[in-house]
Amino acid sequence: MTNQKRFENWEYPKIEEGKLTKYNWVVQNKDGLELGFATDIGAFSYINAKYGVAIEDEVQIGSHCSIYSVSTIDNKQGKVTLKKNCKIGSHSTILPGVTIGKNSIVGAHSLVTDDIPDDVVAFGVPAKVIRELNE
């Protein structure tokens, strides 16, 4: 459920290649970024969308996060997908080819190397599912 009050005046941010947005986060390869409605990306986060990054509606990303669709260390590449209403804790890193499931929560300072299913809490280095979310 969208926090109506918080996002009632939400607008798509202006994104320029390699430049900080007014919210102080940056995107490289911006043509590969799909940004949903009512997203919240924290300051000093970095997104490399060379092979695609899809951020669906109502996703929250904490400050100082890194999202990579390509790795210069091992040449791994692949689209990153953050499903609707997932939340990524600050200082977390998401590696290429990973999908974070709908409504899932990734704890702060996590390294996400594999997919996280819908409706769970996951955290750690590497991130592991800790429990399911209960309705």
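One is the number of the first residue; the rest follow in order along the sequence.
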Query raised in the report: Is there a side-chain contact between Leu82 and Ile94, using heavy atoms and a 4.5 Å cut-off?
Result: yes

Report summary line: Between Lys102 and Asp118 the two heavy atoms that sit nearest each other are N-OD1, 2.8 Å

Report task. Spell out, as yes or no, whether a donor-acceptor pair under 3.5 Å connects the side chain of Asp57 to the backbone of Phe37. Result -> yes

Requested in this report: Please answer whether the main-chain N or O of Asp119 pairs with a side-chain N or O of Ser104 as donor and acceptor at a distance below 3.5 Å.
Outcome: yes

**Report entry** CA sep, side-chain torsions, deciding dist, call: Asn85, Lys83, side chain to side chain donor-acceptor pair (under 3.5 Å)
**Finding:** CA-CA 6 Å; Asn85 196 46; Lys83 297 278 190 176; over 6 Å; no

Query raised in the report: Side chain of Ser110, backbone of Val112: donor and acceptor closer than 3.5 Å?
Result: no

Query raised in the report: Do Leu133 and Phe123 share a hydrophobic cluster, counting only Ile, Leu, Val, Met, Phe, Trp and Tyr and linking them when any side-chain heavy atoms are less than 4.5 Å apart?
Result: yes

Requested in this report: Treat each ILVMFWY residue as a node, draw an edge where side-chain heavy atoms are under 4.5 Å apart, and state whether Val26 and Tyr23 are in one component.
Outcome: no

Query raised in the report: How about Lys50: does its NZ atom have over 12 heavy atoms from other parts shown lying under 6.0 Å from it?
Result: no

Query raised in the report: So, the side chain of Ser45 versus the backbone of Cys65: is there a donor-acceptor pair under 3.5 Å, distance only?
Result: yes

Requested in this report: Take atom CD of Gln77 as the centre, draw a 6.0 Å sphere, and report whether it contains more than 12 heavy atoms from other residues, nucleotides or ligands.
Outcome: yes

Query raised in the report: Rounded to the nearest 0.5 Å, how far does CD1 of Ile130 lie from CD1 of Ile105?
Result: 12.5 Å

**Report entry** ILVMFWY network linking Ile41 to Trp10, side-chain heavy atoms under 4.5 angstrom
**Finding:** yes

Query raised in the report: Do the non-hydrogen side-chain atoms of Val80 and Tyr68 ever get within less than 4.5 Å of each other?
Result: no

**Report entry** Side-chain donor/acceptor of Ser69 to backbone N/O of Asn48, under 3.5 Å
**Finding:** yes

**Report entry** Short side-chain to backbone donor-acceptor contact, Thr113 and Ala127, under 3.5 Å
**Finding:** no

Query raised in the report: Taking all non-hydrogen atoms of both residues, which atom of Gly36 and which atom of Thr39 are closest, and how far apart?
Result: O-CG2, 3.3 Å

Report task. Please check if the side chain of Glu17 supplies one atom and the backbone of Lys30 the other of a donor-acceptor pair under 3.5 Å. Result -> yes

Query raised in the report: Atom CG of Asn103 and atom CD of Glu58: how far apart are they, to the nearest 0.5 Å?
Result: 9.0 Å

Report summary line: Between His64 and the options Trp25, Tyr46, Phe44, the ring-ring contact (aromatic ring centres under 6.0 Å, His included) test singles out Phe44

**Report entry** Same apolar cluster: Val70 and Ile100, side chain cutoff 4.5 Å
**Finding:** no

Report task. Spell out, yes or no, whether Ile61 and Tyr12 are grouped together once hydrophobic residues are joined by side-chain heavy atoms under 4.5 Å, including indirect joins. Result -> yes

Requested in this report: Show the numbers, then the answer: is there a side-chain contact (heavy atoms from CB on, under 4.5 Å) between Glu34 and Thr81?
Outcome: CA-CA 9 Å; Glu34 302 167 48; Thr81 302; over 6 Å; no

Query raised in the report: For the atom pair NZ (Lys87) and CD (Gln60), what is the distance rounded to the nearest 0.5 Å?
Result: 5.0 Å

Query raised in the report: Are the side chains of Pro13 and Leu35 in touch, meaning some heavy atoms are under 4.5 Å apart?
Result: yes

Query raised in the report: Just how far is it from atom OG of Ser63 to atom NE2 of His91, taken to the nearest 0.5 Å?
Result: 5.5 Å

Report summary line: Between Ala49 and Leu33 the two heavy atoms that sit nearest each other are CB-N, 3.7 Å

Report task. Using a 4.5 Å cut-off on heavy atoms from C-beta on, say whether the side chain of Ile47 contacts that of Ile55. Result -> yes

